[in-house]
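Per chain, numbering begins at 1; letters A, B, ... match sequence-line order. Here the structure is a predicted model, which is why all the values come from computation and not from measurement.
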Protein chains: 2
Amino acid sequence: MKRRHRKSDCPVHFALEVFGDAWTLLIIRDLMFKGRNSYTDFLRAEEGIATNVLADRLVRLEEDGVLEKEGPPGGASTSRYRLTSKGIDLLPIMLEIIGWSAKYDPKTAADRGFVRRLRREPTELAAEIRSQLIDRRSEAEASPRRAKGARASSRRKTKEREVSS
Amino acid sequence: MKRRHRKSDCPVHFALEVFGDAWTLLIIRDLMFKGRNSYTDFLRAEEGIATNVLADRLVRLEEDGVLEKEGPPGGASTSRYRLTSKGIDLLPIMLEIIGWSAKYDPKTAADRGFVRRLRREPTELAAEIRSQLIDRRSEAEASPRRAKGARASSRRKTKEREVSS
DNA sequence: CACGTGTACTTGCTAAAAGCAAGTGCTGCA
DNA sequence: TGCAGCACTTGCTTTTAGCAAGTACACGTG
């Protein structure tokens, strides 16, 4: 898909070129809070992204340096995506978004305890999630999953670790 | 234009239903930081929004309670838009976005002093801008611009007050 | 070693939204 | 009375999204 050209150097516009659409931030949400990190995981999200749109967003996000693909070079089996530090730096934006929606959406599914903590000690909460994300990242780096069953336990942990939001 | 139905109660998705597109946040930026508040002002923004898209976004944002239209009831002369408190509450999101883009866009047009202050004392900066926005809002409320030239000076002030970003 | 399963896509088609130029209907003002 | 400005709307083309189906590759099982 063609790359849209930037129309200004305004920081808001720059950010919108990266995630100014209906789907990109949902993928980032899945990576950040839901422990989803594969193509089929993203498809499972309840909003129901189309396969072609998902494929497109994933290459864009990789081009933009927001996430990295850890693919088995042969192209086989499950490849995983993970946030880069640039992607992890979107966390404060996501938290502010969650806070805003929790305030204004009467039917919000945001976890109440999470939101309360977000209001009371946002810095601590952000730092905590951030370090979890960094852990997950370097953990994945440590086991480059060349072998099939190797470190399967750590992979399970990674998959199931989910932040309540 | 038809209203898209919500596909989940996830707070991220809720927010994206309000501003998950390429243009909505630019309008909010104009209202928040650039002192633009009329239809033609928004058209003047360098990104160049199309007239039909702008009209559509303005009614959506009004429906969503993010902004209010202060229109001369007759439909004549210039009508102005202003952020509601729900709209003003988007400020922290905008500031985080600006911070992120300033960090990752080498050609960013974000004001360096503004960004430095954003990093050093984000809470104070947010509070300051927020109170400016609230002032502007109640000021506009005080002079419901029924008469032509009445309170023209305050209108000029409102128009020219622009936050550097 | 054929066969089914799972993963990660691509392709083809339709529907919706964006982009663009032009036009409309007000209203103040000269 | 006529012109200019504002806030749109309309009509048309292009782009993007949505959806169902199909493809390619590897692994595991019988």
Base of dT9(D) paired with side chain of Thr51(B) (donor-acceptor, under 3.5 Å):
yes

Quick one: [X] [atom1] to [N] [atom2], roughly how many Å, whole number?
X	N	atom1	atom2	result
Leu43(B)	dA21(C)	CG	C1'	14 Å
Leu58(A)	dA17(D)	CG	P	13 Å
Glu17(B)	dA17(C)	CD	C1'	15 Å
Asp56(B)	dG19(C)	CG	P	12 Å
Glu70(B)	dA7(D)	CD	P	12 Å

With no hydrogens and no angle check, is any side-chain donor or acceptor of Lys34(A) less than 3.5 Å from a backbone partner on Ile27(A)?
no

Does any N or O in the side chain of Thr108(B) come within less than 3.5 Å of the main-chain N or O of Asp105(B), such that one atom is a donor and the other an acceptor?
no

OP1 or OP2 of [N] sitting under 4.0 Å from any side-chain N/O of [X]?
X	N	answer
Ser79(A)	dT7(C)	no
Trp23(B)	dA17(C)	no
Thr78(A)	dG6(C)	no
Lys69(B)	dC8(D)	yes

Are side-chain N/O atoms of Glu68(B) and Thr84(B) paired as donor and acceptor at under 3.5 Å?
no

Going by atom types only, do Asp89(B) and Tyr104(A) share a side-chain donor-acceptor pair under 3.5 Å?
yes

May I ask you to say what Asn52(A) touches in the nucleic acid, namely base, sugar-phosphate or nothing, with a heavy-atom cut-off under 4.0 Å?
base

Which is true for Tyr81(B) with a 4.0 Å heavy-atom rule: it touches a base, it touches only sugar-phosphate, or it touches nothing?
sugar-phosphate

Nearest of dG18(D), dT10(C), dA7(D) to any side-chain atom of Tyr39(A)?
dT10(C)

Which listed nucleotide (dT10(C), dC19(D), dA17(C)) is nearest to the side chain of Ala55(A)?
dT10(C)

Mind checking whether Phe114(A) and Phe33(A) have parallel, tilted or perpendicular rings, split at 30° and 60°?
perpendicular

